[in-house]
**Student:** 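Let me begin by handing over the structure; questions about it come next.
Whatever order the structure lists them in is the order used to number ligands and atoms, beginning at 1.
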Amino acid sequence: MSFTVGVARCGDYGRENVSRAVAKAVNRAGGMPENACGEVLIKANLLSPAEPERAVTTHPEVVRAIAEEVRKRLGARVHIADNPGFIFTDTAELFKKTKIDEAAAMEGASYGPLAEGGFREAGTGGFKALTGARISARYLDAAFCVNAPKLKTHLETEISGCIKNIFGTADTDTRKKCHNSRSRKRLADAILDVYSVKPPQFHIMDAIESMEGDGPSYGLPRKTGFVLAGADAPAVDWAAATIMGYDNPLDIPLLAAAAARGMGPVLRGEISLVGAEWDELPVKGFKKSSGYVRALPTFLRGVGYRLVSVAPRLDPDKCVKCGICARVCPVSAILLKSGAGDNFPSVQKNKCVCCLCCHEMCPTGAMAAHKNLFARLAEKLRV
Ligand code: SF4
Ligand code: SF4
């Protein structure tokens, strides 16, 4: 198989710089397929109502520049959307805080939650982990979709890029079912199941300022300086993983599972990188997320999976007792103490599968991702 990924450097979110970089990356990737009719949906990553500077969400200047490209190249109407966790019901706040409302206004685009219009049962042909998936009707009905992820680390999947961004088109129950196991391989297959329902026609990634460390909610912004584009999500994610410092992106379960299904590259040589050399991509000292067991020598990995743990731990001083963590937990492992108690959430360790959804969705950072001794050791060993 052969794939093309367009790369353009971009040092900041200045309007002209971003417009230029997005146009260059798209051209270098061979251009967007010009078969769009009707409305084009831009699927941004709007995980939570966070300011753009936190690098949790796709930057509004990148979303604006993508809308501009779509308008100029395809002459189509643009709708910008995402489906943040069901806990963020105030979607007006979501689009305001992420400044997507301003980006949309500048390009005459509409915007709204992917949940409007409801969710539909999707076909399960080719599914490996799930027995069903409910996907946003608005997404399924869009004639053309441009995927616009933010490059971030992810405590569970290691990378949050093109493939992972499409996971956000599924409803809450489907997402919970994907997370209800300790197996990272199963999670990767479940995410690919969702992705395979309807892969977007094109992908443009905001890797200008990415998130490093323990993403996707509480990592730190890190300047990486690229816009990536292409028609194949796993290939664009492969380039993104290289930016993050992965020598072999197939170390990431999601990309390994995509390769095993014949959906993505198996070898770097299958990707034609246009606009940069491979050795120009890695950002020195970029802090990867998780992957602690992978850092152990091969012969120790079996035991490593049993010893290493990254589990939720409450910081009562930060907790506002909103109960969101209990509502997002896919296995109902969190109890909210009541009565004479303190109403703080309490994690039942025997039920918890360490998916860290509670950590990801906690609005105050009170549900920390606690690394045990072996996890900290494995992190130190990582090269
Ligand atoms: S830990 Fe976070 S999500 Fe859970 S109740 Fe406290 S503040 Fe809310
Ligand atoms: S308690 Fe948190 S980490 Fe454990 S299963 Fe529930 S959401 Fe996942």
Side-chain angles (χ1 to χ4, degrees), residues 47-50 54 56 83-90 93-94 97 129-130 152-158 160 164 167-168 170-191 194 213-219 253-254 289-293 305-372 374-376 378-379:
L47 175 64
S48 61
R54 283 185 51 203
V56 173
N83 177 30
F86 72 100
I87 51 172
F88 299 117
T89 49
D90 187 349
E93 189 204 1
L94 175 80
K97 223 163 181 180
L130 298 175
K152 296 191 287 181
T153 51
H154 195 289
L155 270 165
E156 272 205 292
T157 60
E158 303 196 29
S160 176
K164 181 68 172 56
F167 189 51
D171 74 349
T172 305
D173 279 352
T174 303
R175 290 198 253 179
K176 280 186 172 182
K177 279 179 195 144
C178 296
H179 279 292
N180 68 4
S181 147
R182 274 181 187 267
S183 164
R184 288 189 178 198
K185 166 88 176 62
R186 185 189 174 279
L187 176 63
D189 271 322
I191 292 170
V194 170
D214 289 343
S217 296
Y218 292 105
L254 207 46
S289 169
S290 143
Y292 304 105
V293 175
Y305 276 112
R306 285 194 292 280
L307 293 177
V308 171
S309 99
V310 184
R313 180 179 281 186
L314 182 75
D315 177 348
D317 291 340
K318 288 188 185 168
C319 180
V320 295
K321 304 178 184 177
C322 64
I324 284 172
C325 50
R327 289 163 64 203
V328 299
C329 178
V331 292
S332 304
I334 299 181
L335 294 178
L336 295 174
K337 295 180 195 162
S338 57
D342 47 21
N343 264 337
F344 282 119
S346 137
V347 177
Q348 297 174 279
K349 287 191 180 149
N350 57 334
K351 276 191 171 182
C352 174
V353 293
C354 296
C355 67
L356 298 174
C357 292
C358 52
H359 160 77
E360 190 177 319
M361 286 293 139
C362 172
T364 65
M367 199 57 96
H370 176 73
K371 297 161 193 166
N372 74 357
F374 293 104
R376 295 200 297 275
E379 194 171 36

**Student:** Counting from 1, what ligand 2 atoms have a heavy atom of L356 closer than 4.0 Å?
**Tutor:**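 Contacts of ligand 2 toward L356, numbered from 1: 3 (S), 8 (Fe).
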**Student:** Considering only protein heavy atoms, which is closest to atom 2 (Fe) of ligand 1, and at what distance to one decimal place?
**Tutor:** C362 SG, 2.4 Å
**Student:** Does a side-chain heavy-atom distance below 4.5 Å link K164 with K152?
**Tutor:** no
**Student:** Take atom 6 (Fe) of ligand 2 and tell me which protein N, O or S atoms are nearer than 2.8 Å.
**Tutor:** C329 SG
**Student:** How close does the nearest protein non-hydrogen atom get to atom 8 (Fe) of ligand 1, and which residue and atom is it?
**Tutor:** C322 SG, 2.3 Å
**Student:** Which atoms of ligand 1 have any heavy atom of T364 under 4.0 Å away?
**Tutor:** 7 (S)
**Student:** Answer yes or no: is there a side-chain heavy-atom contact under 4.5 Å between R175 and V328?
**Tutor:** no
**Student:** Enumerate the atoms of ligand 1 whose separation from the nearest heavy atom of P363 is less than 4.0 angstrom.
**Tutor:** 3 (S)
**Student:** Do the side chains of K176 and N180 get nearer than 4.5 Å, heavy atoms only?
**Tutor:** no
**Student:** Heavy-atom distances under 4.0 Å are what count here, so tell me which part of K321 touches ligand 1: side chain, backbone, both or neither.
**Tutor:**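 K321 to ligand 1: backbone contact only, side chain stays beyond 4.0 Å.
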**Student:** Which bit of A326 is near ligand 1, meaning a heavy atom under 4.0 Å away: side chain, backbone, both or neither?
**Tutor:** neither
**Student:** Do the non-hydrogen side-chain atoms of L254 and H154 ever get within less than 4.5 Å of each other?
**Tutor:** no
**Student:** Any idea which atoms of ligand 1 are less than 4.0 Å away from a heavy-atom of L314?
**Tutor:**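 Selected atoms, number and element: 1 (S).
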**Student:** State if G365 counts as touching ligand 1 under the rule of any non-hydrogen atom under 4.0 Å.
**Tutor:**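 No, that is not the case, since the closest heavy atom of the residue is not under 4.0 Å from the ligand.
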**Student:** So, do V56 and P216 sit near enough that their side-chain heavy atoms are less than 4.5 Å apart?
**Tutor:**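 No, their side chains stay 4.5 Å or more apart.
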**Student:** Between V320 and ligand 1, find which residue part has any heavy-atom pair under 4.0 Å and reply side chain, backbone, both or neither.
**Tutor:**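 Both backbone and side chain.
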**Student:** Hey, which atoms in ligand 1 end up nearer than 4.0 Å to a heavy atom of C319?
**Tutor:** 1 (S), 5 (S), 6 (Fe), 7 (S)
**Student:** Going by salt bridge (charged side-chain N to carboxylate O under 4.0 Å, His left out), name the residues that satisfy it together with D171, two or more places apart in sequence or in a different chain.
**Tutor:** R134
**Student:** So P312 and L356, do their side chains get closer than 4.5 Å, heavy atoms only?
**Tutor:** yes
**Student:** Once side chain to side chain contact (heavy atoms under 4.5 Å, CB included) is applied, do any residues pair with A368, and if so which ones, sequence neighbours excluded?
**Tutor:** none
**Student:** In chain order, what residues pass the salt bridge (charged side-chain N to carboxylate O under 4.0 Å, His left out) check against K185, with sequence neighbours excluded?
**Tutor:** D189
**Student:** Given side chains that start at C-beta, do those of S217 and H359 come closer than 4.5 Å, heavy atoms only?
**Tutor:**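 The answer is no, as the side chains (C-beta and beyond) never meet within the 4.5 Å cut-off.
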**Student:** What I'd like to find out is whether the side chain of L130 reaches to under 4.5 Å of the side chain of V194, using heavy atoms alone.
**Tutor:**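 Yes, close enough: below the 4.5 Å cut-off.
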